[in-house]
> 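One structure, pasted below without further comment.
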2 protein chains.
Amino acid sequence: MTSDLTKETLDEVVNQRRRQQRSLDTRERILQAAFEEFAERGFEGASTRNVAAKAGVQHPLVTYHFKNKEGLWRAVVTTTSFNFGQHFQDHLAGMTEKDEVARLRLLQEQFVRFAAANPNFHWLMSHEGKRDSDRLTWLVEERVRNYFDVMAKLIRTAQKQGRYVEGDPYHLQYLFIGAVTRIFMLSAEVQQVMGRSPFSKKFVDEHVRTCCALFFREPAESARPARVAAPRKSRRLTK
Amino acid sequence: MTSDLTKETLDEVVNQRRRQQRSLDTRERILQAAFEEFAERGFEGASTRNVAAKAGVQHPLVTYHFKNKEGLWRAVVTTTSFNFGQHFQDHLAGMTEKDEVARLRLLQEQFVRFAAANPNFHWLMSHEGKRDSDRLTWLVEERVRNYFDVMAKLIRTAQKQGRYVEGDPYHLQYLFIGAVTRIFMLSAEVQQVMGRSPFSKKFVDEHVRTCCALFFREPAESARPARVAAPRKSRRLTK
DNA sequence: GTCTATAGCCGGATAGAC
DNA sequence: GTCTATCCGGCTATAGAC
């Protein structure tokens, strides 16, 4: 009897863990599918039924795991924003000793590389920026403002050293983000117009160089003509 | 009898003209409302019933005038693209004599001013660029490719004179468009982050200067440090 | 946790009266 | 040219069986 009871209890525990594991898998699959759906169609255009279909689950499971469409959207923004931050953590681990202009340069380079790898992230964010909404206010206060403040501070420091273009740092960061991301966000159009994919390694490396060259200025130790293809300190450039 | 007949005929003509006029008005109102709707939500997200409501007409009138949703979309793209081209015609009428770099500069400046005045136009175009579709192919072949070819040719000429940043002209034009338009397309977010409207005259003039300064280079007649706020030839700058 | 069933609304498109 | 009425399908969300 006791052995039976024990066996049953063990089975229960195993089953529960299996169920918990499956629940987590389902949650993750819904989240991934929702990311694509929201990025593609925006909050209002997105369909939770499409999300469920893409994730391969029944559609009531979406509301079970995330309460409603807005809860799902917030969960997507939270996790993808976390990934955005994590990308910089991963690629700037050993950077604490370098000077601030070098930090800024690496941040901007990694921003380009993240944008190339995650065009959907920028679509997700852009859809909300067009008109005012509670979602936008939440997005700005929770995820956007801090990023701009950090970048603006670094830009101001670089400007004081004459190493970055002049202008309002927030304004300039919008220009940078626009210049960097549009070519990845409109990749299908770019493919038709330019006949090449913007996601190839060669193109992304070129894009990093071109975007940084637009905004960074070499230290003005000696007078020289304003050139773009100026010599730059050695960096990891695989091509 | 003949006078009655004549009177009736005249009434008919007058009524017909009135009807034709009303029909044209309705068409225009639908077109304007559809422009906003497609720009805001993209083709799939847009609702022809919303369009009709915004235009203040009954919804079957949309299909009466434009056959279906896609016909409406094409009509919107055609007319707004015409307005885009017209804007340059209007602002470059007396420009046939100037050198090509000056032409390019004015084209880019007017591109900025058009983007500031018509953020919806760029949303309309951007929605289609994300993924392949028949609409995208039509858009590129009918409206986009020619613009890029014209700009690329001017950019190449300017580059040969050392007056424009180095790089693939098509690539650079995507950077320029991205840098210029994003701040207007995300105006609600910009308002929250920067605490100012990107549509004010002061900001737009600043934006023109900053964007052009990023891409144009002064003639390298004398060696001088790479500065952004370089002196420029006098231009119509009202502020 | 998962699923079926369903309520209640909005979508595009069309038929047919006037 | 205009409008009413209607078809059919997709949408979010929920109730309730298992």
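Proteins get letters first, then strands, A, B, ... in listed order; numbering begins at 1 in each.
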> Ignoring hydrogens, what is the shortest heavy-atom contact between Trp123(A) and Leu186(A)? Give both atom names and the distance.
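Closest approach of Trp123(A) to Leu186(A), heavy atoms only: CZ2-CD2, 3.9 Å.
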
> Check the angle between the aromatic planes of His207(A) and Phe203(A) and answer parallel, tilted or perpendicular using the 30° and 60° thresholds.
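If you compare the ring of His207(A) with that of Phe203(A), the planes turn out parallel.
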
> Specify the separation, in whole Å, of atom CZ of Arg49(B) and atom C1' of dT4(D).
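Rounded to whole Å, this separation is 12 Å.
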
> Given the rule that a pair is Watson-Crick or G-U wobble with both distances under 3.5 Å, how would you write DNA chain C in dot-bracket, using | for pairs to a different strand?
||||||||||.|||||||

> Run the side-chain hydrogen bond (donor to acceptor under 3.5 Å, both in side chains) test on Gln192(B) and Asp132(A) for me, step by step, so that the C-alpha distance in whole Å, both residues' side-chain angles and the decisive distance to 0.1 Å come before the verdict.
CA-CA 9 Å; Gln192(B) 290 207 21; Asp132(A) 250 313; 2.9 Å; yes

> Among Arg74(B), Arg135(B), Arg143(B), exactly one meets salt bridge (charged side-chain N to carboxylate O under 4.0 Å, His left out) together with Glu128(B). Which residue is that?
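In the set Arg74(B), Arg135(B), Arg143(B), the residue that makes a salt bridge (charged side-chain N to carboxylate O under 4.0 Å, His left out) with Glu128(B) is Arg135(B).
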
> Is the shortest side-chain N to carboxylate O distance from Lys201(A) to Asp205(A) below 4.0 Å?
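Yes, charged N to carboxylate O under 4.0 Å.
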
> Evaluate side-chain hydrogen bond (donor to acceptor under 3.5 Å, both in side chains) for Glu141(A) paired with Asn146(A), printing each intermediate quantity in order.
CA-CA 8 Å; Glu141(A) 295 309 325; Asn146(A) 180 63; over 6 Å; no

> Please check the phosphate of dC11(D) (OP1 and OP2 only) for any side-chain N or O of Thr48(A) closer than 4.0 Å.
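For dC11(D), OP1/OP2 do not have a side-chain N/O of Thr48(A) under 4.0 Å.
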
> Rounded to the nearest angstrom, tell me the gap between atom OH in Tyr64(A) and atom P in dT4(C).
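Answer to the nearest Å: 17 Å.
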
> Grab the CD-C1' distance between Gln58(B) and dT4(D) for me, whole Å please.
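It is 9 Å, rounded to the nearest whole Å.
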
> What heavy-atom pair brings Leu61(B) and Ile30(B) nearest, and what distance separates the two atoms?
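Distance-wise, the nearest heavy atoms are O-CD1, 4.0 Å.
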
> For residues 36-46 of chain B, dump all side-chain donor-acceptor pairs below 3.5 Å to protein atoms at least two apart in sequence or in another chain.
from, atom 1, to, atom 2, distance (Å)
Glu37(B), OE1, Lys54(B), NZ, 3.0
Glu37(B), OE2, Arg41(B), NE, 3.2
Glu37(B), OE2, Ser47(B), N, 3.0
Glu37(B), OE2, Asn50(B), ND2, 3.4
Glu40(B), OE1, Lys130(A), NZ, 3.4
Glu40(B), OE2, Arg131(A), NE, 3.3
Glu40(B), OE2, Arg131(A), NH1, 3.0
Arg41(B), NH1, Glu44(A), OE1, 2.7
Glu44(B), OE1, Arg41(A), NH1, 2.6
Glu44(B), OE1, Arg131(B), NH2, 3.3
Glu44(B), OE2, Arg131(B), NH2, 3.4

> State whether Ser47(A) places a side-chain N or O below 4.0 Å from either non-bridging phosphate oxygen (OP1 or OP2) of dC11(D).
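Yes.
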
> Choose from dT4(C), dC11(D), dG11(C) the nucleotide whose nearest atom is closest to any side-chain atom of Asn50(B).
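From the listed options, dG11(C) comes nearest.
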
> Assign the ring pair Phe199(A) / Phe184(A) to parallel, tilted or perpendicular, where the plane angle (0 to 90°) is split at 30° and 60°.
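It falls in the parallel class, under 30°.
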
> Any donor-acceptor pair under 3.5 Å linking the side-chain atoms of Tyr174(B) with those of Glu189(A)?
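Distance-only check passes for Glu189(A) and Tyr174(B).
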
> Tabulate protein N/O versus nucleotide N/O from nucleotides 15-18 of chain C, keeping only pairs under 3.5 Å, one per line.
none

> Answer yes or no: are there more than 12 heavy-atom neighbours, outside Asp90(A) itself, under 6.0 Å from its atom CG?
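More than 12 within 6.0 Å, yes.
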
> Does the ring centre of Phe114(B) sit less than 6.0 Å away from the ring centre of His91(B)?
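Aromatic pair excluded; centres sit 6.0 Å or further apart.
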
> Just to be sure I understand the rule, does Ala53(B) reach a base, reach only the sugar-phosphate, or reach nothing, if contact means heavy atoms closer than 4.0 Å?
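Counting heavy atoms under 4.0 Å across all strands, no contact is made by Ala53(B).
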
> Using a heavy-atom cut-off of under 4.0 Å over every strand shown, decide if Ala52(B) touches base, sugar-phosphate, or nothing.
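Counting heavy atoms under 4.0 Å across all strands, no contact is made by Ala52(B).
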
> Using the side-chain contact (heavy atoms from CB on, under 4.5 Å) criterion, which residues pair with Thr181(A)? Sequence neighbours excluded.
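With sequence neighbours excluded, Thr181(A) shows a side-chain contact (heavy atoms from CB on, under 4.5 Å) to Phe111(A), Ala115(A), His122(A), Ile177(A), Met185(A), Arg182(B), given in chain and number order.
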
> Donor-acceptor pair, Asn68(B) side chain versus Glu70(B) backbone, under 3.5 Å?
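At least one qualifying donor-acceptor pair exists.
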
> Between atom CD in Glu44(A) and atom P in dC9(C), what is the gap in whole Å?
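Glu44(A) atom CD is separated from dC9(C) atom P by 19 Å.
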
> Round to a whole Å and report the spacing from CZ of Arg41(B) to C1' of dC10(C).
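Checked: the CZ to C1' distance equals 12 Å.
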
> Below 4.0 angstrom, which residues in residues 65-76 of chain A have at least one non-hydrogen atom near DNA chain C?
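Nucleic-acid contacts, sorted: His65(A).
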
> dT14(C), OP1 or OP2 - any side-chain N/O from Thr63(B) closer than 4.0 Å?
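Indeed not, no polar side-chain atom of Thr63(B) lies that close.
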
> Near DNA chain C, which residues from residues 27-36 of chain B have a heavy atom under 4.0 Å away?
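Under 4.0 Å from DNA chain C: no residue of residues 27-36 of chain B.
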
